[in-house]
Undergrad: 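Dropping the structure in here first, questions after.
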Amino acid sequence: MGRIIFYEDRNFQGRSYECMSDCADMSSYLSRCHSCRVESGCFMVYDRPNYMGNQYFMRRGEYSDYMSFGLSDSIRSCRLIPQYRGSYRMRIYERENFQGQSHELMDDCDNFQDRYRMSDCQSCNVMDGHWLMYEQPHYRGRMMYLRPGEYRSFRDMGYSGMRWMSMRRIMDSC
């Protein structure tokens, strides 16, 4: 079970909204969200409604200013990441629609290009577990949350022109 409290202003000021599950659009609760406190669990927060736009992974802690973790606008939606204790497995593909070179991953990978000689990753199938994919090697840059399912085209998901270079499992450290 997760719990996150959002605040309209930086440094936990202004009106607040407490959330314990997914929230597709926070505008009905707060006019803006510039800070938050994660009391339990892990969440992805997004700078656009409906889990779109830039994403940021949050675990227990205090986040006094949304700009410090790379969001260009206020937090607009959030998704609770469920606790998961099991195996991790996904297949990444060089091109969209599960085409081109592919590799199966069961653990973290800090650089696709070095490990697999893949120049790009444009689709994937997550069979088990919850993952974070990063635009730069060594888990840096913008990120994308992946839960079990098929992801045929990262471009169609709004990530046109981005290259994904590393990924890690979201372990039960939440």
Side-chain angles (χ1 to χ4, degrees), residues 1-6 18-26 33 36 38-61 63 66 69-71 75-100 102-112 115-116 118 120-160 162-174:
M1 182 109 162
R3 183 171 170 220
I4 188 169
I5 303 168
F6 297 100
E18 184 175 315
C19 186
M20 295 191 292
S21 62
D22 296 356
C23 181
D25 188 355
M26 295 188 353
C33 177
C36 66
V38 179
E39 302 210 338
S40 61
C42 291
F43 289 84
M44 287 304 291
V45 297
Y46 304 80
D47 64 4
R48 291 184 24 215
N50 299 312
Y51 320 112
M52 300 296 287
N54 292 312
Q55 311 180 27
Y56 189 77
F57 176 72
M58 302 186 128
R59 58 176 28 114
R60 188 180 176 142
Y63 302 85
Y66 72 102
F69 43 86
L71 295 181
I75 298 168
R76 300 287 184 196
S77 56
C78 75
R79 190 179 296 271
L80 172 65
I81 298 173
Q83 290 288 321
Y84 178 78
R85 298 189 201 300
S87 62
Y88 288 77
R89 193 166 64 104
M90 78 174 326
R91 183 165 286 281
I92 58 174
Y93 296 85
E94 192 172 29
R95 295 197 310 265
E96 294 178 336
N97 295 309
F98 315 121
Q99 300 294 309
S102 72
H103 294 279
E104 189 166 296
L105 284 81
M106 297 175 73
D107 59 359
D108 300 349
C109 178
D110 67 354
N111 192 322
F112 297 154
R115 186 184 291 181
Y116 300 116
M118 282 180 72
D120 205 355
C121 175
Q122 295 182 13
S123 60
C124 72
N125 182 8
V126 177
M127 284 83 79
D128 297 304
H130 297 257
W131 301 74
L132 288 176
M133 191 176 286
Y134 296 82
E135 88 177 308
Q136 296 173 17
H138 309 289
Y139 321 114
R140 295 179 178 224
R142 289 187 287 177
M143 59 184 79
M144 175 173 48
Y145 168 52
L146 300 169
R147 54 190 182 173
E150 293 184 345
Y151 299 86
R152 294 186 165 280
S153 171
F154 297 145
R155 180 179 48 84
D156 289 349
M157 294 170 56
Y159 297 103
S160 182
M162 284 188 66
R163 297 182 73 185
W164 301 101
M165 302 300 291
S166 57
M167 80 171 25
R168 67 169 28 141
R169 299 162 294 165
I170 300 175
M171 306 296 280
D172 61 347
S173 61
C174 297

Undergrad: List for me each residue that meets salt bridge (Lys or Arg N to Asp or Glu O under 4.0 Å) alongside R147, sequence neighbours excluded, and say none if there are none.
TA: none

Undergrad: Taking only residues two or more places apart in sequence or in another chain, which ones pass side-chain contact (heavy atoms from CB on, under 4.5 Å) with R115?
TA: D107, C109

Undergrad: Checking R79 now: which residues fulfil side chain to side chain donor-acceptor pair (under 3.5 Å) with it, not counting sequence neighbours?
TA: none

Undergrad: Tell me, please, which residues at least two apart from Y145 pass ring pair (Phe, Tyr, Trp, His ring centres under 6.0 Å).
TA: H130

Undergrad: Sequence neighbours left out, what passes salt bridge (Lys or Arg N to Asp or Glu O under 4.0 Å) with R95? Give chain and number order.
TA: none

Undergrad: Listed by chain and number, what are the side chain to side chain donor-acceptor pair (under 3.5 Å) partners of Q99, not counting sequence neighbours?
TA: none

Undergrad: Just to verify, what does R168 make a salt bridge (Lys or Arg N to Asp or Glu O under 4.0 Å) with, not counting sequence neighbours?
TA: none

Undergrad: Output all residues satisfying side chain to side chain donor-acceptor pair (under 3.5 Å) with D120, sequence neighbours left out; order by chain, then residue number.
TA: Q122

Undergrad: Please list, chain by chain and in numerical order, all residues satisfying salt bridge (Lys or Arg N to Asp or Glu O under 4.0 Å) with D25, sequence neighbours excluded.
TA: none

Undergrad: Report the residues that fulfil side-chain contact (heavy atoms from CB on, under 4.5 Å) with D128, sequence neighbours left out, ordered by chain and then residue number.
TA: Y84, S87, R89

Undergrad: Using the side-chain contact (heavy atoms from CB on, under 4.5 Å) criterion, which residues pair with S153? Sequence neighbours excluded.
TA: E96, R155, D156

Undergrad: Taking side-chain contact (heavy atoms from CB on, under 4.5 Å) as the test, write out the residues that go with Q136, two or more places apart.
TA: R140

